[in-house]
Amino acid sequence: MKDLEQYLSNFYKGTKEPSLDAMKYFMSEYGDFQSKMKFIHIAGTNGKGSCTEMISNILVNEGYRVGKFMSPHLIKYNERISINGEFISDEEMWNIIEELEPKIERYNEANSVNITLFELETTMALLYFYRNGVDFVVLETGLGGLYDCTNIISKPLVSLISSIGYDHMHILGNTLTEIAYQKAGIVKQGSHTIFFEQTQDVNQVFIDVCNENKNELHLVRESDISNYRFEHEFQYFDYKNLSDIKINLKGQKQIHNASICIESMHVLNDLGYKISEDSIRKGLSTVIHKARMEVLNDNPLIIYDGAHNEPAIENLKNTVNMYYKNRKKVFIVSILKTKDYENILKFLLEDKDATFILTSGDDEERFVSGEDMRDVVLRYKSERQQVMVKSLEDAIKFAMYESENSVNFVVGSFYVYGTVVNTINKYKNAD
């Protein structure tokens with residue numbers, strides 16, 4: 001069998017001029033089968049991955065067959081496409097790829113811009129789910145919403161927008177209202193949309209777009225949540241008439257995410273699909289979301305969080321203060337060159353007693369160099385903060401052997417997850 005990763009690496013990984021032309025081409029080649037499927041469509045600056053995991057887990061607990069499409073993957077491409085938690089196999093991916101190859105060649109010959117990797121992945125996922133007879137597809141957008149490949153679907157049962165924040169501004173816009181308008185691209189005629197309230201001007205974008213599309217907006221409010229508490233691995237809260245809900249994810253923002261997921265289940269119930277309170281509770285209490293405050297090693301404590309933009313770093317800081325306020329902290333930082341690394345570092349540096357280990361990730365072409373990050377850090381650091389530049393592997397080695405009294409956080413990107421896990425395992429096995 002050919003090398004899957006090598007084949008996929010030949011496709012352009014970035015974004016191109018906004019267009020759904022390629023997706024329309026693929027779907028028309030197959031008779032627009034996507035119009036027969038049931039979708040829960042999820043967009044948002046941060047939190048959409050958590051919502052994808054929560055909703056999928058609730059529906060699986062209810063007994064449904066659920067296709068889940070999300071990105072990025074952490075170790076293997078196959079993680080992006082799964083049914084009831086089971087990833088598509090290499091063989092199944094190759095079967096679809098070989099079927100699509102002549103169609104890809106035909107499209108590329110007739111158009112000036114070739115098929116991108118995300119267009120291929122989205123098409124592959126939709127075909128796989130359709131042919132395997134799933135009851136629902138939980139579909140996470142890649143970037144934005146309006147021109148995202150996943151927006152080829154015509155009418156989801158419900159659309160969720162998890163949050164609006166600053167990220168990918170060169171594509172989505174420089175203001176929160178511009179970004180909100182792009183995310184609101186998944187709002188469809190005659191459907192339902194769920195959004196957790198933000199500022200009035202951001203809320204108004206969704207109110208206006210939903211009105212234009214005769215789409216029912218369910219605006220979840222902070223006042224719908226009460227009796228919040230946390231202990232150990234779990235958080236607890238009441239949402240409207242549901243009391244003492246237990247969620248297996250850290251950070252208060254996950255309460256917002258869980259609330260819009262619960263609201264989406266209420267909408268599905270109103271549409272005639274059965275989702276019990278028991279399934280909601282079980283789905284939230286057992287959900288796992290890798291690389292979000294995930295403990296990779298207990299002693300010493302190493303925690304991975306893929307926070308990579310200002311709102312996510314702010315959430316990370318708040319969560320760290322909730323659980324580890326009085327512990328000495330080490331931040332191992334790797335940031336892609338496409339991110340606003342100066343502002344991310346300034347946010348992290350608000351912890352005046354922390355140690356910072358700056359790395360060039362596991363790919364010097366894609367990641368900001370540790371030296372460039374050090375130049376920024378030295379401009380803002382306090383006297384108490386320690387700063388080091390190391391390779392990613394040496395940073396993990398430091399965490400394993402030289403900081404046993406500290407909590408070590410690996411932050412800044414999802415894309416070094418596999419390398420970090422493998423490095424930790426290597427040193428554990430050596431011991």
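Residue indices begin at 1 and follow the sequence shown. As the structure is a computational prediction, the values presented were derived from the model and not from experiment.
- With no hydrogens or angles considered, no side-chain donor-acceptor pair links N248 and S285 at under 3.5 Å.
- Between the side chains of Q182 and E178, no donor N or O sits under 3.5 Å from an acceptor N or O.
- E86 CD: 12 or fewer foreign heavy atoms inside a 6.0 Å radius.
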**OP:** Report the C-alpha distance between F409 and Y304 in whole Å, list the side-chain angles of each, state the deciding distance to 0.1 Å, and finish with yes or no for ring pair (Phe, Tyr, Trp, His ring centres under 6.0 Å).
**Re:** CA-CA 6 Å; F409 298 95; Y304 195 107; over 10 Å; no
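- With hydrogens and angles left out, the side-chain atoms of S413 and H308 include no donor and acceptor closer than 3.5 Å.
- Between the side chains of N61 and S279, no donor-acceptor pair of N or O atoms lies under 3.5 Å.
- A search for side chain to side chain donor-acceptor pair (under 3.5 Å) contacts involving R65 returns nothing, not counting sequence neighbours.
- You'll find the side chain of D340 reaches within 4.5 Å of the side chain of E342, heavy atoms only.
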**OP:** Give the intermediate values and the outcome of ring pair (Phe, Tyr, Trp, His ring centres under 6.0 Å) for residues F69 and F118.
**Re:** CA-CA 11 Å; F69 180 59; F118 197 65; 5.7 Å; yes
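- Residues H218 and F195 fail the side-chain proximity criterion, which asks for heavy atoms closer than 4.5 Å.
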Subject >> D90 and N78: CA distance, side-chain angles, deciding distance, side-chain hydrogen bond (donor to acceptor under 3.5 Å, both in side chains) verdict >> reply: CA-CA 7 Å; D90 284 1; N78 313 54; 2.8 Å; yes
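- More than 12 non-hydrogen atoms from other residues, nucleotides or ligands lie less than 6.0 angstrom from NZ of K352.
- Checked options V134, I81, T123; the residue passing with Y128 is I81 (criterion: side chain to side chain contact (heavy atoms under 4.5 Å, CB included)).
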**OP:** Mind running salt bridge (charged side-chain N to carboxylate O under 4.0 Å, His left out) on D32 and K24 for me, showing each step along the way?
**Re:** CA-CA 8 Å; D32 287 308; K24 288 175 181 175; over 6 Å; no
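- For the 3.5 Å distance criterion, the side chains of K188 and N151 qualify, holding a donor opposite an acceptor.
- Under 3.5 Å, the side chains of N46 and N309 contain a donor-acceptor pair of N or O atoms.
- Two rings, from F230 and Y323, have their centers less than 6.0 Å apart.
- Two residues are said to be in side-chain contact when any heavy atoms from C-beta on lie closer than 4.5 Å; M124 and I97 meet this criterion.
- Donor-acceptor pairing under 3.5 Å is lacking for the side chains of E53 and N57.
- Aromatic pair Y228/F237: centroids not less than 6.0 angstrom apart.
- Note that K38 lies outside the cation-pi zone of F136, set by a 6.0 Å cut-off to the ring centre and a 45° limit from the axis.
- Q198 and S163 form no side-chain donor-acceptor contact under 3.5 Å, judged by distance and modelled atom types alone.
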**OP:** Test salt bridge (charged side-chain N to carboxylate O under 4.0 Å, His left out) on E231 and R229 and set out the steps.
**Re:** CA-CA 7 Å; E231 55 186 50; R229 62 190 169 90; 3.3 Å; yes
**OP:** Test side-chain hydrogen bond (donor to acceptor under 3.5 Å, both in side chains) on S334 and T359 and set out the steps.
**Re:** CA-CA 5 Å; S334 307; T359 88; 2.6 Å; yes
Original post:
Is there a salt bridge (charged side-chain N to carboxylate O under 4.0 Å, His left out) between E393 and K397 once you walk through the steps?
Top reply: CA-CA 6 Å; E393 178 161 346; K397 186 177 181 181; over 6 Å; no
**OP:** Go through the steps to decide whether S403 and N408 satisfy the test side-chain hydrogen bond (donor to acceptor under 3.5 Å, both in side chains), and finish with yes or no.
**Re:** CA-CA 8 Å; S403 65; N408 302 276; 2.7 Å; yes
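- Heavy-atom minimum distance, F398 versus M388: CZ-CE, 3.6 Å.
- H256 and E222 are linked by a side-chain donor-acceptor pair at a separation below 3.5 angstrom, with hydrogens and angles left out of the test.
- Counting heavy atoms from C-beta on, the side chains of M54 and L284 come closer than 4.5 Å.
- For the residue pair D201 / T177, no side-chain donor-acceptor distance below 3.5 Å is found, with atom types taken as modelled.
- If you check the side chains of Y273 and E62, you find no donor sitting under 3.5 Å from an acceptor.
- Counting heavy atoms of neighbouring residues, nucleotides and ligands inside a 6.0 Å radius, atom NZ of K290 does not exceed 12 of them.
- Defined by atom type and a distance below 3.5 Å, a donor-acceptor pair is present between the side-chain atoms of E310 and N343.
- The two residues F129 and S82 come nearest to each other via the heavy atoms CE2-O, 3.3 Å.
- Rounding to the nearest 0.5 Å places NE2 of H73 at 5.5 Å from CD of E5.
- Side-chain contact of D148 with T150: a donor-acceptor pair under 3.5 Å is present, judged by distance alone.
- Remark: the Y239 side chain and the E263 side chain contain an N/O donor-acceptor pair separated by less than 3.5 Å.
- Residues V407 and V330 have side chains not in contact (no heavy-atom distance under 4.5 Å, counting atoms from C-beta outward).
- Across all their heavy atoms, H41 and P156 have their closest contact at CB-CB, 4.1 Å.
- Relative to the ring axis of Y415, R366 places its NZ or CZ within 45° and under 6.0 Å from the centre.
- Enclosure of atom CD1 in I288 is not indicated, since only 12 or fewer non-hydrogen atoms of other residues, nucleotides or ligands lie within 6.0 angstrom.
- Open room surrounds CD on E365; 12 or fewer heavy atoms of other groups in view lie less than 6.0 Å from it.
- None of K381, K325, K329 except one satisfies the salt bridge (Lys or Arg N to Asp or Glu O under 4.0 Å) rule with D351; the exception is K329.
- In summary, the side chains of E121 and Y77 do not present any donor paired with an acceptor at a separation below 3.5 Å, with no hydrogens or angles considered.
- The two residues E233 and K250 come nearest to each other via the heavy atoms OE1-NZ, 2.7 Å.
- Contact annotation: the side chain of Q385 never approaches that of D353 to less than 4.5 Å [non-hydrogen atoms, C-beta and beyond].
- The nearest pair of heavy atoms linking L296 to K428 is O-NZ, 4.3 Å.
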**OP:** Tell me, with the steps shown, if Y401 and Y427 meet ring pair (Phe, Tyr, Trp, His ring centres under 6.0 Å).
**Re:** CA-CA 9 Å; Y401 296 114; Y427 288 120; 5.7 Å; yes
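- The shortest non-hydrogen separation linking S259 to F196 is CB-CE1, 4.4 Å.
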